[in-house]
Peer 1: 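One structure is given below, represented as structure tokens, and several questions about it will come after.
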Amino acid sequence: MINVLLPVVESPEKFEAFIKENSGKDVKFFVGIRRGLNFSSNLQNVELHTFVESAKTEEIINALHTCNMEEGKILIARRPLSKKEFLALTKSDKEIATLKAKHGKFFNMLKNFARKIVKRFFAFTFFDDISAICFNEDMFASVRANGNLSLSSRINKYVGVEFEEIDAEEKQVKKQYNRFKNITVFSLWTLLLIASIVGGVLICTLLPIRVLNVVVVVLWIILAAFFWFMGFINFMRTISVGQLHYGRAEEV
């Protein structure tokens, strides 16, 4: 059985078309939709849940996590998938199959750098394209036991698991986060680092060079660099997967 979780917050007609194209006796769709959006009730193998108008995609995913699924694969699709994407994800023999987005060389370089640093220092990384992820039968029990499906389908904390990345045919879903806040916070950390370096140079230039002064300046710049580094990691992670923590949407 393939359990497909579909959070619908816009364009319900596209999700309906996706269901019709990929419907089958071994596929069941769990649809979470905002109240006020129209969705056909005549589709087969569809369990429909309605949530408040303010429900976010990630909150709906967490709410759908409690649905009564049959043991098998779990596919989370944050957007309607193409037929090729759907088949590639559900036919994968790996424990986790995700989509691989297409980026420019510069963004790819930054993103890969951030992922490697995060993995090395924090023992996790983030999935390249969060538009869709498929867990196979071997992952069913652990996914069902997970308390935050939204987070575990965007942040990769899995150990000893085989992955497959499928080339995406459509654009990534929009990440849910405050873009202005994200840029502003990272800009402030950058300004702090620059100010620390300039201030350290001025102190060493204007004041007598003493061991204590040099040690204080070096520690000051190292601390500022550490905070900038953490800000950079958080900035790239937010761009890649959006805001981390969400609750559950309220069903009506």
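If you read the sequence from its start, that first residue is 1, and numbering goes on from there. These figures come from a predicted structure and were not determined experimentally.
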Peer 1: For His65 and Asn146, indicate whether the former's side chain and the latter's backbone hold a donor-acceptor pair under 3.5 Å.
Peer 2: yes
Peer 1: Nearest 0.5 Å please: distance from the OG atom of Ser196 over to the CG atom of Leu219.
Peer 2: 12.0 Å
Peer 1: Is there a side-chain hydrogen bond (donor to acceptor under 3.5 Å, both in side chains) between Glu16 and Ser40? Walk through the geometry before answering.
Peer 2: CA-CA 7 Å; Glu16 287 186 19; Ser40 175; 4.9 Å; no
Peer 1: Are any of the side-chain heavy atoms of Leu89 and Leu99 separated by less than 4.5 Å?
Peer 2: yes
Peer 1: Say whether, by atom type as modelled, one donor and one acceptor occur between the side chain of Asn182 and the main chain of Thr238 under 3.5 angstrom.
Peer 2: no
Peer 1: In the structure I gave you, are the side-chain heavy atoms of Tyr246 and Ile61 within less than 4.5 Å of one another anywhere?
Peer 2: no
Peer 1: Quick check on Lys181: does its NZ atom have over 12 non-hydrogen neighbours (other residues, nucleotides or ligands) under 6.0 Å away?
Peer 2: no
Peer 1: Would you call Phe135 and Phe140 a side-chain contact if the rule is heavy atoms closer than 4.5 Å?
Peer 2: no
Peer 1: Do Ile233 and Phe229 come within less than 4.5 Å of each other through their side chains, counting heavy atoms only?
Peer 2: yes
Peer 1: Going by heavy atoms in the side chains, are Leu5 and Leu149 under 4.5 Å from each other?
Peer 2: yes
Peer 1: What is the distance from atom CD1 of Ile197 to atom CG of Leu202, rounded to the nearest 0.5 Å?
Peer 2: 12.0 Å
Peer 1: Taking the side chain from Asp138 and the backbone from Glu95, do they hold a donor-acceptor pair closer than 3.5 Å?
Peer 2: no
Peer 1: Can you tell me how far the OG atom of Ser152 sits from the CD1 atom of Ile96, to the nearest 0.5 Å?
Peer 2: 8.5 Å
Peer 1: Tyr177 ring centre to Arg179 NZ or CZ under 6.0 Å, with the angle to the axis within 45°?
Peer 2: yes
Peer 1: Flag the pair Phe39 / Ile19 as yes when at least one side-chain heavy-atom distance between them is below 4.5 Å, and no otherwise.
Peer 2: yes
Peer 1: Could you tell me the separation between the CZ atom of Phe180 and the OG atom of Ser187, rounded to the nearest 0.5 Å?
Peer 2: 9.0 Å
Peer 1: Please assess Val9 against Lys56 for the test side chain to side chain contact (heavy atoms under 4.5 Å, CB included), listing each intermediate value before the final yes or no.
Peer 2: CA-CA 7 Å; Val9 298; Lys56 297 180 175 63; over 6 Å; no
Peer 1: Calculate, to the nearest 0.5 Å, the distance between atoms CG and CD1 belonging to Leu81 and Ile166 respectively.
Peer 2: 11.0 Å
Peer 1: State, with a plain yes or no, whether a side-chain heavy atom of Phe15 is found less than 4.5 Å away from one of Ile33.
Peer 2: no
Peer 1: Donor-acceptor check, side chain of Arg154 to backbone of Leu244, threshold 3.5 angstrom: yes or no?
Peer 2: yes
Peer 1: Just by modelled atom types, is the Ala63 backbone N or O under 3.5 Å from a matching donor or acceptor in the Thr66 side chain?
Peer 2: yes
Peer 1: I'd like to know if the side chain of Asn45 reaches the main chain of Gly24, judged simply by a donor and an acceptor atom lying under 3.5 Å from each other, with no hydrogens or angles considered.
Peer 2: yes
Peer 1: With hydrophobic residues grouped by side-chain heavy-atom distances under 4.5 Å, do Met230 and Ile155 end up in a single group?
Peer 2: yes
Peer 1: Looking at every non-hydrogen atom in both residues, tell me the closest pair between Ala55 and Arg34 and how far apart they are.
Peer 2: O-NE, 2.6 Å
Peer 1: For Glu53, check salt bridge (charged side-chain N to carboxylate O under 4.0 Å, His left out) against everything at least two apart and list the hits.
Peer 2: Arg35
Peer 1: Quick one: CG on Leu75 to CG on Leu6, what's the gap to the nearest 0.5 Å?
Peer 2: 7.5 Å
Peer 1: Are Ile239 and Val241 linked, directly or through other ILVMFWY residues, by side chains that come within less than 4.5 angstrom of each other?
Peer 2: yes
Peer 1: Does Glu59 have any salt bridge (charged side-chain N to carboxylate O under 4.0 Å, His left out) partners at least two apart in sequence or in another chain, and if so, which?
Peer 2: none
Peer 1: Following the transitive rule for hydrophobic clusters with a side-chain heavy-atom cut-off under 4.5 Å over Ile, Leu, Val, Met, Phe, Trp and Tyr, establish whether Phe51 and Ile76 coincide in one cluster.
Peer 2: yes
Peer 1: Which of these passes ring pair (Phe, Tyr, Trp, His ring centres under 6.0 Å) with Trp189: Phe235, Trp228, Phe227?
Peer 2: Phe227
Peer 1: What's the shortest heavy-atom distance between Asn62 and Ser150, and which atoms?
Peer 2: OD1-N, 2.9 Å
Peer 1: Under 6.0 Å from the CD atom of Gln44, do we count more than 12 heavy atoms belonging to anything else shown?
Peer 2: no
Peer 1: Taking Arg79 first and then Glu85, would you say they form a salt bridge - that is, a charged N and a carboxylate O separated by under 4.0 Å?
Peer 2: yes
Peer 1: Between the main-chain N or O of Thr90 and the side-chain N or O of Lys73, is there a donor-acceptor pair closer than 3.5 Å?
Peer 2: yes
Peer 1: For the rings on Phe86 and Phe18, is their centre-to-centre separation under 6.0 Å?
Peer 2: yes
Peer 1: Are Phe226 and Leu191 connected in the hydrophobic side-chain network, where two residues link if heavy atoms are under 4.5 Å apart?
Peer 2: no
Peer 1: Report the residues that fulfil side-chain hydrogen bond (donor to acceptor under 3.5 Å, both in side chains) with His49, sequence neighbours left out, ordered by chain and then residue number.
Peer 2: Glu47, Glu251
Peer 1: Would you confirm whether Gln243, through its side chain, and His245, through its main-chain N or O, come within 3.5 Å as a donor-acceptor pair?
Peer 2: yes
Peer 1: How about Val27 and Asn22: do any of their side-chain heavy atoms sit closer than 4.5 Å?
Peer 2: no
Peer 1: Answer yes if Met139 and Leu64 sit in the same cluster of Ile, Leu, Val, Met, Phe, Trp and Tyr residues linked by side chain heavy atoms under 4.5 Å apart, and no otherwise.
Peer 2: yes
Peer 1: Looking at Arg78 and Lys174, would you say the former's side chain and the latter's main chain have a donor-acceptor pair under 3.5 Å?
Peer 2: no
Peer 1: Do Glu170 and Ser131 have side-chain N/O donor and acceptor atoms under 3.5 Å apart?
Peer 2: no
Peer 1: If only atom types and distance count, is the side chain of Asp129 paired as donor or acceptor with the main-chain N or O of Gln172 below 3.5 Å?
Peer 2: no
